[in-house]
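Bear in mind that the values here come from a model prediction, so they are computed numbers and not experimental data. As the structure lists them, so they are numbered: ligands from 1, and atoms in each ligand from 1.
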Amino acid sequence: MKIINSTPRADGFYMPAEFSPHYGCIMIFPERSDSWQYGGYAARKAFVQIAETIAQSERLTVCASQKQYENARRLLSDNIRVVEMSSNDAWARDYAPTFVTNGSEIRGVNWGFNAWGGLEDGLYFPWDLDDKMARKLCDLYNKDMYDLGSFILEGGSIHVDGEGTCITTEACLLSRGRNPMLTKDNIENYLRDYLNVEKVIWLKNGIFNDETNEHVDNICAFVKPSEVVLAWTDDENDPQYAMSKSCYDILSRETDAKGRSITVHKLRCPKPVTITAEECGGLDTMDFQPTRTPGERLAASYVNFYIANGAVVMPFFGDPADEPARDLLAELFPEREIISVYARDILIGGGNIHCITQQIPIFGGAE
Ligand code: KQY
């Protein structure tokens, strides 16, 4: 593989939508005991369930540490490739490469990663191993790479329709911990050049108490060109209401890159999910400080699903809203099976199914 010194836009490469065909998917095996309660045992079970579902319709690689390699290999089916690769945590969406295509070939984009805010409001230190993963994965897949390590961005903070439109949130991309020296226009230009989009739709915010500074992938996702799902609540007393309403208003008056108005499907959230004292007790401290406090609200949303070739893998929380959420996704993805995975143990880590997966688009010559 080689590092390419131009941009995807200049070379005619673009990021395809997640609902377009995939070559495969990347995940990372969870391990750190201040992210995942009780040493990550329950989280690993959920990750395995998700991995097995995805591997039914695409080629899956799971990266595991030296310590977890044997365990991952034992727990995962033979059709899943397990490679030993070090990382600081398990958020493939955020630091695996963003892949771009020209319709026949794919290349990776490496963004800088600083654990969602570096020393300003980042979530752990160090993050150096995570930050190296995009390069290592491009090597592994033998794909050339655009290196934009000087610009901090996580994959969970962008969604594209593959037809020229990107959606993101101001709360995240304009946060002080990422690229404080850049203006909104500078940031938009990087998105235009490296995702090769014509239009960026800026939502103000995401999900209440989302520790990523409100990644878009927890609040809004394309289900097809000009159609999105938006995390929603009808409870006007919930702080989420004003946040979702603001997104709804923006999306309702916006058009996409092709000038189409956007259909917004409201995907109602579960009742507020809070972490229990027992769960907090299962989390190790970080620098002698607890990483969560009992009663803290977690950023639970059904929008954090992964669109695999043959299935939509979505979280469920044991809430009355689980079934209606599943029904809506079944209606929106009639050609895919909807597989729900109990995701509380992933949510406790700070994200969900979309955050732990990164798709690789199909490319010419793939067997
Ligand atoms: O993309 C994500 N949602 C990752 C969140 C990481 C949280 C670390 N505790």
Where at least one partner belongs to residues 146-170, residue pairs that pass ring pair (Phe, Tyr, Trp, His ring centres under 6.0 Å), sequence neighbours excluded:
Phe151-Tyr190, His159-His354
Just need the protein heavy atom nearest to atom 7 (C) of ligand 1, so name the residue and atom and give the distance.
Glu211 OE2, 3.1 Å
min-distance protein heavy atom vs atom 5 (C) of ligand 1 -> Gly350 O, 3.3 Å
Should you measure from each heavy atom of [X], which atoms of ligand 1 turn up under 4.0 Å away?
X	result
Gly351	3 (N)
Leu123	7 (C), 8 (C)
Thr212	1 (O), 2 (C), 3 (N), 4 (C), 5 (C)
Cys355	1 (O), 2 (C), 3 (N)

Do [X] and [Y] sit within salt-bridge range, that is, some charged N less than 4.0 Å from a carboxylate O?
X	Y	value
Lys184	Glu188	no
Asp238	Arg297	yes
Arg135	Asp139	yes

Once you measure the plane-to-plane angle for Tyr23 and Phe363, does it fall in the parallel (<30°), tilted (30-60°) or perpendicular (>60°) bin?
tilted
Sorted by chain and number, sequence neighbours left out, ring-ring contact (aromatic ring centres under 6.0 Å, His included) with Trp36 holds for Phe47, Trp91
Looking only at distance, does Gly349 have an N or O less than 3.5 Å from an N or O of ligand 1?
yes
Measure from atom 1 (O) of ligand 1 to every heavy atom in Asp210, Asp34, Asp94 and give the option owning the shortest one.
Asp94
Where on His215 is there a heavy atom closer than 4.0 Å to ligand 1, on the side chain, on the backbone, on both, or on neither?
side chain
